[in-house]
Each structure stands twice: as structure tokens, then as C-alpha cells.
There are 2 protein chains.
Amino acid sequence: MNGPQTEENYLESYNPGDYPPVALAADLVVFAVAGSVLHVALVRRGTHPFRDRLALPGGFVGPRESAEDAARRELAEETGLDLGGLLVHIEQLATYSAPLRDPRMRVVSTAHLVLLATNGSTLPALAGAGDAADAGWYPAHEILAGKPGGQLAFDHSVILLDGLNRLAGKMEYTTVATQLLPGEFTLTQLRTVYEAVWNSPMAPGNFTRKMTPQLEDTGQKTRTAGGGAPATLFRATDRHIHPPLARPRTP
Amino acid sequence: MNGPQTEENYLESYNPGDYPPVALAADLVVFAVAGSVLHVALVRRGTHPFRDRLALPGGFVGPRESAEDAARRELAEETGLDLGGLLVHIEQLATYSAPLRDPRMRVVSTAHLVLLATNGSTLPALAGAGDAADAGWYPAHEILAGKPGGQLAFDHSVILLDGLNRLAGKMEYTTVATQLLPGEFTLTQLRTVYEAVWNSPMAPGNFTRKMTPQLEDTGQKTRTAGGGAPATLFRATDRHIHPPLARPRTP
DNA sequence: CTTTTAATTATCAGATTGATAATTAGGAAA
DNA sequence: TTTCCTAATTATCAATCTGATAATTAAAAG
């Protein structure tokens, strides 16, 4: 809100000193697919609390930034990627503000979902440039399956789960999965992304039938790797999938 | 984030005085349906900036509250409702953090979607108890249609639109629309909610066919008002609608 | 009663789905 | 170059779902 209505001059009389300071942070749930597996970028914490535990990358929001600006900046620092262009999909996930989520002080964090494009085999390099913590890629579903001791720091397991659910859900009715692939891709590559995120196999024929009309045919074909017919190269569109592509039931 | 990873001792060395103060707020997009129209609760601002413009209700987040706690508290203050129970649906929408969204100082606001139950004709009373600003109900689609001068204060038009889109979208694949009705309701009441939110008529027969298996039959029937067969009373479930109920195409 | 109204059920052609099989076209091996 | 292998694509088919429309049912109003 701005200028609360229950007491109209609240903000005018608002004195920052009256409140304990609040730190605003931006956390990142960065996904990329390689080897048919959905990976998430995590960092190993070097200090207390949660020393040696894995955590989501993130950082503080500067005074002249929006939360998304900060997320973009942190991502660039983390990956060394240029991000000059539209290569990266970023969207806001949710804000986590439980008063005691950080034992040291009040940290309110706005989490962001980030999708990086890969060719399906090579993960983007992380933390290349001089930064402290060692960042790495971890299989997202395994992290979430979470051996009891292997939970993430703070409430980051919840954030990661929210991020995965957001992505998995949106893939039912949008073509957002294409953001995990290069500008041109085959239906098999796209299907692999679906299988990696949904952690469930898809019937190739039906997948092709459903997705083809949502994509733009480039007219080009790939040379096939180990035998098989050449695959058509497609480009993403912003079309919505209607009716949605059903996620295989999990019972 | 907590304890940024690009510089591990960042938080330890974090000095609140280094940053301009940030005010944390919780805004509310409160919906209720009456007379087949979706209404949103708005307050008329009494002070600058945006004096005399309509705005979303909201308030600051206290030092010991989460954003959702604050939203609940503000809602109670605004409506005088008890909220003791599960009568009210609250979910987080998004966080708005553009540095200049409030011209006076930095206010980061987490917006919440709130659904109030009505019988379809009477809107809940607002701002009953001694509070300053006059709050009232306004037709949501008309507000969004927005006569050029009639925009909401701050970025609240965007927040309202985001809230409506969230609700409208979720109604395709969940039974969240039942949160705008009493515990027991008829299919016609539920259809009216869909029509009010989607701003589009629905075929009664097909609506019944699709929704009936998602609801719990109470076995009871209503006495009908102005003629017509008695309607079955249903209760909500948490089932998902699969495949989703398609929103009438708008072209 | 008879008429009016609203809730519900029924129909029906066209789409969509899930399962499965057939076809196609390149690479690799004989 | 012929044959076999593999992967991409297309084809089938029954079951289900959709959108449109009509028929049936049951209560209220005159």
C-alpha cells in the first residue's frame, strides 16, 4: 500500500527509526536442463547460520533497484552471462516474509524463477568470475526428494518447491518450456524438457500432435545424430496451449 | 536470500544505516460478488499524493508480522470481520518494488488476493468501525475499463489487473470460485460467480455437467424463489478441474 | 388448473485424448 | 548399394470431452 487508509497521515508521520530495519533480498531459483534432468543452481554456504548447507543464490536489493533488477544483477554476477538480450526468462515467484526466517535479522526476500537456455547437454558455467561461494548445478528433483539431512538453508526448500510447481504448472498452458532451449529446437528437445521438469515420460507421437500447432516451423531440419529421420526445427511463439497439455497423473 | 553468496559476510557487515529506509506494506485486492457483478473494495485517498483518487486498501507490515499477517489484520480493520475461521480466502499475489512507485519514499508492497463470501446479493459491510478513510465497493471490470481520468492511485491499477487475472485464471482449473459463496450453494450461484469474474455468460447445462463431479452433493435442495425446479445444494471440495473449464474466448 | 420460470438431463456432431501401430528417412554396417 | 537400425513423424481408433441446442422436470404465480 501507499498512504494507509486506516490512518491517512500514517506515512507522513512514519519514522523509519521507529521500526527495526528490514533488509530486502532477491533470491533466485535458476533452472536449466541437461541430460534429461532438471538442474537447479545452488551455492554452498560458508558462514553461519546454516554453514555448509546448500542455499539458493541471491543478494540484497539496492536502493535504486526493483527486486527484479536485483535478481537480474545477481544472476549476471553469478553466471557471468551478459543478459544483454532476451536470452533469459525471469519472473517473480513470491515473497517470503516470516519474521524469523533469518535468525539474524529481518530479511524479506522476493524469489524469482529464472530459466536458462541449454542445448540439453551442457549446463551454463556458474560463478566463473572471482566470486566467493562455490555455485554448482544440482538435480532439482533429487534435492526436493530431500534426504532428511540434505535440506536447503533457511526456507529455501519451500521456495525451490514453489518455483518448480510454478514452472511445471505453467508448462501445461504456455510454451514457457521453450525458454530452457535455444532459439531453434526440435520437438524431441522440447519433449525432453517436459519430461525433465515433470519427471515423467511423454508419448512422442501425441506430444508432437499437441505441440506442433503451438510452434513456428522454421522449415529447416536437423542432421540426425545416431540414425533416425531428420527432425524439424521450430521456433517459440507466445501462443497459449488450449486446451492445456495434461500432465501425466501421478498416482 | 539470506547471507548472500557473492560475498559471504555481506549480512554480517550489513549496516542498515547504509541504506535508505524501506517501508514494507501489504495491499489488498478484495473481491466479492453481488448482483452478478464482481466488486472490489477501494478507498478514497484523503491526502497527497493522489488525493481524492481511489486506491486499494492496505497498510504497513509490522516488525513481528509476515506480509500475510499484515494483510489479515488490515482486512479485519477494514471490514470489522472476525476472520476467526476459514471464511476468507487470502493468497499472495505479487510484490511491487519499483523504486519510485511511491513519490515520497521507498515503499515495497506485497499485494494479496482476498475473496469474501456473499450470498450473491449483499456485499459485506466495509470500514464500519471508526476508521478514517471511506471504503466502498466498486464494479471491478468498470474500474479496470478505466476512464482515462479514473485510474487508481500509484500502481494500483496494475495490481488490480494482476489480481483479477490471477482469480480468473485459477477458476479454470480449481474450485476457488466457491470461496466467493457461502459454505453451501447452488450451481446457479456458482455459475453467476464465474460469469461475474469472467465477465462473460456461460451455458447453464454445460456448466452443470462440468462442475457437478467437482463438488460434494449435500443431498439438500433449495426452495426456489420465483418459480423453477428446486436446485441442489453443493459444498466445495479441493478437487482440481481436469481438464480445465475453458474460459469463453474473447475475440 | 394452466402458465411461467428455472434447474436439470438428454442429444448429437465435432474435437481431443491416450494408446498403439505404421510410415518415413537418414546413418551405419555388411 | 543394399540391408538393418533408429528416431521422427504420421495414422488409426475407441473413449471422452466440448459447445450448441433441445427436452424434461418441478415448483411458483396467476
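Just so it is clear, the model here is predicted, and its values are computed rather than measured. Protein chains get the first letters and strands the later ones, always in sequence-line order, with residue 1 at the start of each.
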Quick note, B:A229 side chain, CB onward, closest among C:dT17, D:dT25, D:dA8 is D:dT25
Less than 3.5 Å apart, any donor N or O on the side chain of A:S97 or B:S66 sitting next to an acceptor on the other? no
Nearest-Å distance, CD (A:Q189) to C1' (D:dA7)? 14 Å
So do the side chains of A:L116 and A:V30 get within less than 4.5 Å of each other, counting heavy atoms only? yes
Assign B:T232 to base, sugar-phosphate, or nothing according to its heavy-atom contacts below 4.0 angstrom with the strands shown. sugar-phosphate
Contact nearer the 5' end of DNA chain D, comparing B:L245 with B:P230: B:L245
With the side chain of A:T188 defined as its heavy atoms from C-beta on, choose the nearest nucleotide among D:dA8, C:dG18, C:dA7. D:dA8
Closest approach to the side chain of B:L187, judged atom by atom: which nucleotide of D:dC17, D:dT9, C:dT8 is it? C:dT8
Of B:P243 and B:A203, whose closest DNA chain D nucleotide lies nearer the 5' terminus? B:P243
Roughly how many Å is it from CE in A:M202 to C1' in C:dT17, rounded to a whole number? 12 Å
In whole Å, I'd like the distance from the CD1 atom of A:I241 to the C1' atom of C:dT16. 14 Å
Is there a side-chain polar atom (N or O) of A:T208 under 4.0 Å from OP1 or OP2 of D:dT10? no
Verify the distance criterion only: is there a donor paired with an acceptor across the side chains of A:T192 and A:S36 at less than 3.5 Å? no
Any side-chain N or O of B:T186 less than 4.0 Å from the OP1 or OP2 oxygen of C:dA7? no
Roughly, in whole Å, what's the span from NE2 in A:H242 to C1' in C:dA15? 11 Å
Aromatic ring proximity A:F207/A:Y194, centre distance under 6.0 Å: yes
If I take atom CZ in residue A:R191 and atom P in nucleotide D:dT9, what distance separates them, rounded to the nearest angstrom? 10 Å
B:E172 CD to D:dC17 C1': how many Å, rounded? 16 Å
To the nearest Å, how far apart are A:L215 CG and D:dT9 P? 11 Å
Starting at the 5' end of DNA chain C, which residue's closest nucleotide do you reach first, B:K221 or B:R209? B:K221
Return the value, rounded to whole Å, for the distance between atom CD of A:E195 and atom C1' of D:dA7. 14 Å
For a side-chain hydrogen bond (donor to acceptor under 3.5 Å, both in side chains) check, start with the C-alpha distance between B:Y96 and B:D162, then their side-chain angles and the critical distance, and finish with the verdict. CA-CA 11 Å; B:Y96 300 83; B:D162 289 350; 2.6 Å; yes
Can you tell me if the side-chain N/O atoms of A:K210 get under 4.0 Å from OP1 or OP2 in C:dT16? no
Output the single nucleotide from D:dG19, C:dG18, C:dT8 whose closest atom is nearest the side chain of B:N206. D:dG19
